[in-house]
Protein chains: 2
Amino acid sequence: MIFLKSVFLRSKHAVLYGLLMAVLIFVLKFLQWKFLIVDYFLDIYVGLIAIFFTVLGIWLALQLAKPRIETVVIKREAATLLPDHFSINEAELKKLNLTAREHAVLELLAKGYSNTEIASHLFLSLSTVKTHVSNVFMKMDVKSRAQAIEKSKRLKITP
Amino acid sequence: MIFLKSVFLRSKHAVLYGLLMAVLIFVLKFLQWKFLIVDYFLDIYVGLIAIFFTVLGIWLALQLAKPRIETVVIKREAATLLPDHFSINEAELKKLNLTAREHAVLELLAKGYSNTEIASHLFLSLSTVKTHVSNVFMKMDVKSRAQAIEKSKRLKITP
DNA sequence: CCCGGACTCATACTAAAGTACCAAAAATAG
DNA sequence: CTATTTTTGGTACTTTAGTATGAGTCCGGG
């Protein structure tokens, strides 16, 4: 009994347990003298004791087991947007009011193509490319292809 | 007894419990007739029963309570990448093996700055800037600042 | 039909970019 | 301290980029 008490002393249920034990002992002592005459009483008596203390044990264990419900916080590095899926900023692009040809030229220009290379790819003369490029610069409000490329990438007008 | 059995029937421990009970009943029956003559035996008897079944109950409960040891997993989105948070591709940058000065020049170059502007910002002569720029082009394996800018942005070497 | 926008091309010119080669401080590593 | 790399700067030159201006063609809408 003392052993049990010391075991459950740290729990606030220890006191309750002790009281229950005391009350039960008195009740049992009373029953012991009142119904001892009955032959088979001891069987029932032991059975009830067993059941009671089993239930008590279970209840105690469940109370004591409560802290075992642990909470684990797992920080998860969110697998955010897939590695740079590019989407054109249509709004900004529309503001520029580029013509189809100018847009085509800008696309190649933004890839680092020279005027001559752009001319070859679009089957244009160097002069025509220069004209388009100049017009693009005006509309984009830049003064060099370097600025044009930087701005295009920054505003997500080209990949 | 039957009630207890039915309660714990779903558990694999139910059988073990039943067996223990049976054995115990026989042991108790034996002790009952052997030491009934001793007056105060009933007290010890009940005490042992109580202790035994309490421990048994605790043990049973702990076994049955195993599923109660829950792991509450809280997934917490680590405030990850905000809309295009830029991070430099250190690996690619290292491959280029740029010197500190060359890197500084590239930074400005990638912003669309002209050689003269770069010279002003870094307090260098135009000649020096041209030298650095040429070296950067060699190391980046490009032939113009346009390509350099495009490649820098593509490889995420500059913002 | 003809006007305007889009597209094409050309010439002439200036400015900037880029290459090649050199060289001397300055910093750094062995 | 010496060797090497980095940094700085220069000259001379070629190439490309960029501007300005003009002009011819084509096409759709008033």
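Below, read A as the first sequence line, B as the second, and so on, with proteins coming before strands; counting in each chain starts at 1.
- Two residues, Asn97(B) and Leu124(B), neighbour DNA chain D, and the one matched to the more 5' nucleotide by heavy-atom proximity is Asn97(B).
- Residue Thr99(A) is classed as a sugar-phosphate contact, given heavy-atom separations below 4.0 Å to backbone atoms only.
- Annotation: side-chain hydrogen bond (donor to acceptor under 3.5 Å, both in side chains) contacts of His103(B) (sequence neighbours excluded): Glu107(B).
- Taking both residues in full, the closest heavy atoms of Leu155(A) and Glu92(A) are given as CD1-OE1, 4.0 Å, listed atom of the first, atom of the second, then distance.
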TODO: Let me see the working for Arg154(A) and Glu150(A) under salt bridge (Lys or Arg N to Asp or Glu O under 4.0 Å), right down to the final yes or no.
DONE: CA-CA 6 Å; Arg154(A) 183 158 42 80; Glu150(A) 196 278 332; 3.1 Å; yes
Collect all protein-nucleotide pairs involving nucleotides 10-14 of chain D in which both atoms are nitrogen or oxygen and the distance is under 3.5 Å.
from: dG10(D); atom 1: OP2; to: Ser125(B); atom 2: OG; distance (Å): 3.3

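- Remark: His132(B) is not in phosphate contact with dT7(D), judged by side-chain N or O atoms under 4.0 Å from OP1 or OP2.
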Task: Test side-chain contact (heavy atoms from CB on, under 4.5 Å) applied to Ile149(A) and Arg145(B), step by step - done: CA-CA 10 Å; Ile149(A) 295 172; Arg145(B) 68 204 300 101; over 6 Å; no
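- A donor and an acceptor atom, one from each side chain of Thr128(B) and Ser125(B), are located under 3.5 Å apart.
- Across every non-hydrogen atom of Ser152(A) and Met140(A), the tightest pair is OG-CE, 3.5 Å.
- For Phe137(B), there are no ring pair (Phe, Tyr, Trp, His ring centres under 6.0 Å) partners two or more places apart in sequence or in a different chain.
- A straight line from CD1 of Ile149(B) to P of dA17(D) spans 12 Å, rounded to a whole angstrom.
- Here the closest non-hydrogen pair linking Leu98(A) and Leu93(A) is CD1-CD1, 4.4 Å.
- In this structure, the CZ atom of Phe137(A) is 7 Å from the P atom of dT19(D), given to the nearest Å.
- Of all heavy-atom pairs spanning Gly112(A) and Gln147(B), the tightest one is O-CG, 3.4 Å.
- For the helix from dC1(C)-dG30(D) to dG30(C)-dC1(D), the axis fitted to the five pairs at one end and the axis fitted to the five pairs at the other end meet at an angle of 50° (nearest 10 degrees).
- At whole-Å resolution of the value, CD1 in Ile118(B) and P in dG9(D) are 14 Å apart.
- Listed in residue order, the members of residues 103-117 of chain B having a heavy atom less than 4.0 Å from DNA chain C are Ser114(B), Asn115(B).
- Mapping heavy-atom proximity under 4.0 Å, the span of DNA chain C touched by chain B runs 5' to 3' from dA17(C) to dT19(C).
- The minimum heavy-atom distance linking Glu102(A) with Asn97(A) is given by the pair OE1-O, 4.5 Å.
- With salt bridges taken as basic N to acidic carboxylate O contacts below 4.0 Å, none links Lys111(A) and Glu117(A).
- For the atom pair CG (Asn115(A)) and NE2 (His132(A)), the distance works out to 11.5 Å, reported to the nearest 0.5 Å.
- dA17(D) atom P lies 12 Å from atom CZ of Arg145(B), rounded to whole Å.
- Across every non-hydrogen atom of Leu122(A) and Arg101(A), the tightest pair is O-NH2, 3.5 Å.
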